[in-house]
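Written out below as structure tokens is the structure these notes cover.
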Amino acid sequence: MLRTHYCGNLRETNMKSSVKVCGWVNTKRDMGGIIFIDLHDREGTLQVVCDLEVLKDKFKIIENIKNQSVLQVSGKIRLRDHETINPKIATGTVELYAEDCTLLSEAAPLPFSLDDDVREDLRLKYRFLDIRRETMINNLKFRHKIQKLTQDYLDNEGFINVETPMLTKSTPEGARDYIVPSRVHPGEFYALPQSPQIFKQLLMVGGIDKYYQVARCFRDEDLRADRQPEFTQVDMEMSFVNQEDVLLHLEKMFKYIFKHSMNVEFDEKFTRITWQTAMDRYGSDKPDLRFELPIIDITDIARVCEFSVFRKVVDDGGVVRAICVKGGDIFTRSQIDELTKTAQTFGAKGMAWISLRPDGEIYSILTKYFSEKDIKAIIEKTEAKNGDFILFCADKLDLVRKVLGILRLEIADIFQLRRKDDYKILFVTDFPQFEYSEEEGRFVAAHHPFTMPYEEDIDILETDQGAVRAQAYDVVLNGVELGSGSVRIHNSKIQEKMFNALGFSDEEIKERFGFMVDAFRYGTPPHAGFAFGLDRLVMILVGASSLREVIAFPKTKDASCLMTNAPNVVDEEQLEILNLGLSQKELSLNKKAKSNDQIDIDVDKVAALAMLSIKEENKDKMKEDLLSIIEFANQLKEADTSNLKLKTNEVTNVFRADKVTNTNRRDDMLKNAKTKEDGLILVKKVIE
RNA sequence: GGCCCAGUGGUUCAGUUGGUUAGAACGCCGCCCUGUCACGGCGGAGGUCGAGGGUUCGAGUCCCUUCUGGGUCGCCA
């Protein structure tokens, strides 16, 4: 047995017992004849006392031990003298008096300190070390807890955990898919699932009745702090339920999770608001209700006011809306400028405002455009009092909603109304069934094409698509969309209408989800479901500002992995097996000449790489350098370096910086490069 | 694809209107120390200032290009 206890779990109750612990050496305090070591494992830190008199020969192991080495220590747990108690650690009242020790693994100096805040790229490159930090371990532990609580809840409610395929078919109407080539079927591809949507519905047809899965999902879209290309959803589906049943289930589930993970209880029922209300009152389909700050429509006042800018907007079919900020008169000029800048960033032409001074004076650039009557009407409508600040946005409906929605959040931040330990969770219901896609010039499914519209809206499915409301709902926590779900269509006739409304031809229906339409002919229960992003929930609950803090091995902004260097180039043989070829265009577009890939030295390839790394407009300028690198590459060739591989950025560096004149640098690179083995880039000649 | 921010020994940072040999802390290496807990003391090594080009008598500092990472808009049913 390598150990009897975790370091972090030892307490006074373990006094005088013989224990064996293993862990990483966090710090060493060497007093000469006695050395203190903070030994750390996932449960915490324990002070180990190493006495020369006791350890004898083994003492030199401790004397020479490097930070972060892995050490096994056995000995007795002793109570610390009162004055040597360390209140900063949980084990602070005890210490391990070492009787024997073994160095299990020596550690090289770490590339960064585990105590410092360190550059993101370093953290990701050495993620295995980054995870060793207490906060990361705690985040992952917490994530596990949330996942387990969710599963416990669903298990208890009679849900069955079923796995669905990762290699599957492209999902309709969604984000871009990650695709996987098939060796057996040349020229054909699987898609990685964006969600198990279709499969879970087919499980309902199969009679599973209540299903859940902690499912990995993939979307090939650009990343954000709260968006990773692969992420985890807790996915569920139920048969013989309506929307109300699902919402009650979700409410119960989230209350269970919050109670047992955060010790947070929600006394009342979750707030429910319709999408329409959310958009009008808060300018967002995921409103943050930790504060109110509602958006107020003053279009009617604007229509007849004396300010021509507002009037014109209204005449053109736009709206004018306002936010009244209680106590907003304290805004400084630069804060107002910031708000205006935000409004403009999101497309507003400007941001009008009125400040009501505490003494009742009205301060605004609008005073000269507005009549006293207008201002009075606005103050009345927005219920503004002395000391308040009213800001306006006038434009098309969508833009006004968006801009005021964002300003609302920014204002809340100024007043620090978005506290991390405050949790407001709500349902947004009655999403529109369709939204108009400018890009495609047609209505597309707002949720997905299997979403059930309200009964009373079925008649207008094909005639007034913009007005159809779906039985679709989101769960929103503190302004973040946690997840969404819907009642599904289980009636072939309605499904057919839906496809028609979306403009699918019979051919397309058959090709894209023929199997599903077919399956629904054989007895489909009414069903509905939901899925929420596990990563996002955990992120919010641990108070992190990026998903990377709660995912063990996340990707960077451009969806690559700094640790493994994925994605990378595969060799020609693999491509051949898959019957894949890369076109010239792909080669120069997909930047396989990325810094971390490596290449065979070949005159053409080096030249090609050089060309790839230069922008078109700079090519003439760089021509001379290009000749240098070709010369350099030739020299390498003559030097019999057929197995030589270099990092591509090293190659470009050579050609840019050294121009083959710095022989020391070149020799260094040769030495360095020979030790690198993997990687092969297929760059064809692109200079013509 | 657009916009914004950052890049200075291993790490975190400082670096004045452009001006001697680029500093500090931690870490690392060597020596001393039997009650420390971010131990302490003495000594030492370590830097193409991300890269290239330009302006200048002179660039870490100004300009252009480029790489890397982050944030954001578009995008994300």
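Every chain is numbered from 1 and lettered A, B, ... according to where its sequence line falls, protein lines coming before strand lines.
Base contact: A:Phe36 has a heavy atom under 4.0 Å from a base atom. Residue A:Arg123 is out of contact with every strand shown, counting any heavy-atom pair closer than 4.0 Å. Among the protein residues, A:Arg119 comes within range of the sugar-phosphate backbone only, with heavy atoms under 4.0 Å from sugar or phosphate atoms but none that close to a base. At a threshold of 4.0 angstrom between heavy atoms, the contacts of A:Thr27 are confined to the sugar-phosphate backbone, with no base atom among them. Nucleic acid contact for A:Ile89: none, since no nucleic acid atom lies under 4.0 Å from a heavy atom of the residue. Among the heavy atoms of the strands lying under 4.0 Å from A:Glu95 is at least one base atom, whether or not backbone atoms are also near. Residue-level contact check: A:Lys66 touches the backbone only, with heavy atoms under 4.0 Å from sugar-phosphate atoms and none from bases. Note on A:Glu120: only backbone sugar-phosphate atoms sit closer than 4.0 angstrom, heavy atoms only; bases stay farther off. In this structure, A:Asp81 reaches neither bases nor backbone, as no heavy-atom distance under 4.0 Å exists between it and the strands shown. At the heavy-atom level, A:Asp115 lies nowhere under 4.0 Å from the strands shown.
Between the C1' atoms of B:rA51 and B:rC67, the separation comes to 7 Å (whole Å). Taking atom C1' on both nucleotides, B:rA45 is separated from B:rC39 by 24 Å, rounded to a whole Å. As rounded to the nearest Å, B:rG9 and B:rA14 have P atoms that lie 13 Å from one another. Only the C1' atoms considered, B:rU66 is 16 Å distant from B:rA6, to the nearest whole Å. Rounded to a whole angstrom, the distance from the P atom of B:rC4 to that of B:rG58 is 31 Å. Of the P atoms belonging to B:rC62 and B:rC49, the separation is 15 Å, rounded to the nearest Å. With both ends at atom P, the span from B:rG54 to B:rG71 equals 35 Å, rounded to whole Å. Nucleotides B:rU16 and B:rA22 have their P atoms positioned 15 Å apart, rounded to a whole Å.
For A:Val49, the side-chain atoms get nearest to B:rG35 when compared with the rest of B:rG35, B:rG69, B:rC28. If you check B:rG69, B:rC37, B:rC28 against the side chain of A:Thr556, the one that comes closest is B:rG69. Counting only heavy atoms from C-beta on, A:Glu221 has its side chain closest to B:rC75 among B:rU34, B:rC75, B:rC33. With B:rG74, B:rG35, B:rC76 as the candidates, the nucleotide lying closest to the side chain of A:Ile34 is B:rG35. Among B:rG70, B:rC37, B:rU12, the nucleotide with an atom closest to any side-chain atom of A:Asp116 is B:rU12. Of all nucleotides listed (B:rU11, B:rC75, B:rG35), B:rC75 comes nearest to the side chain of A:Arg176. The A:Arg80 side chain lies nearest to B:rC37 when the options are B:rC37, B:rC76, B:rC39. Of the candidates B:rU36, B:rU34, B:rU11, B:rU34 carries the atom nearest the A:Asp51 side chain, counting heavy atoms from C-beta on. Closest to the side chain of A:Asp121, out of B:rG69, B:rC37, B:rC75, is B:rG69. Here the nucleotide nearest the side chain of A:Val118, chosen from B:rU12, B:rC73, B:rA38, is B:rU12.
Not a single donor-acceptor pair, N or O on each side, falls under 3.5 Å between the base of B:rG69 and the side chain of A:Asp558. Donor-acceptor pairing under 3.5 Å, judged by distance alone, is present between the side chain of A:Lys557 and the base of B:rU72. One cannot find a donor-acceptor pair under 3.5 Å joining the base of B:rC33 and the side-chain atoms of A:Arg29.
Taking CE of A:Met351 as the reference point, atom SG of A:Cys393 lies at 9.5 Å (rounded to 0.5 Å).
An OP1 or OP2 oxygen of B:rG71 is reached within less than 4.0 angstrom by a side-chain nitrogen or oxygen of A:Arg548. Contact between the side-chain N/O atoms of A:Lys402 and the OP1/OP2 oxygens of B:rG74 is found at a separation under 4.0 Å. The phosphate of B:rA38 (OP1 or OP2) has a side-chain N or O of A:Lys88 nearer than 4.0 angstrom.
In this structure, B:rA6 forms a base pair with B:rU68, meeting either the Watson-Crick or the G-U wobble geometry with both donor-acceptor distances under 3.5 Å. For B:rG40, the paired nucleotide is B:rC32, the pair qualifying as Watson-Crick or G-U wobble because both relevant distances are below 3.5 Å. Under the Watson-Crick or G-U wobble criterion, with both distances below 3.5 Å, B:rU21 has no partner in any strand shown.
In this structure, CD of A:Gln47 is placed 13 Å from C1' of B:rA38, rounded to the nearest angstrom.
Considering all non-hydrogen atoms of both residues, A:Arg227 and A:Asp222 come closest at NH1-O, 2.9 Å.
Within the cation-pi definition used here (under 6.0 Å to the ring centroid, within 45° of the axis), A:Arg469 qualifies as a partner of A:Tyr454.
Each of A:Ser546 and A:Arg219 has a nearest nucleotide on RNA chain B; the 5'-most of these lies closest to A:Ser546.
None of A:Asn67, A:Leu71, A:Ile65 except one satisfies the side-chain contact (heavy atoms from CB on, under 4.5 Å) rule with A:Ser69; the exception is A:Ile65. For the side-chain contact (heavy atoms from CB on, under 4.5 Å) test with A:Gln471, the passing option among A:Val487, A:Asp457, A:Asp430 is A:Val487; the others fail.
Between A:Glu549 and A:Arg133, no side-chain nitrogen of the basic residue sits less than 4.0 Å from a carboxylate oxygen of the acidic one, so the salt-bridge criterion is not met. The pair A:Glu230-A:Arg216 counts as a salt bridge, with a side-chain nitrogen and a carboxylate oxygen less than 4.0 angstrom apart. Contact check on A:Asp398 versus A:Lys396 returns no salt bridge, with no Lys/Arg side-chain nitrogen under 4.0 Å from an Asp/Glu carboxylate oxygen.
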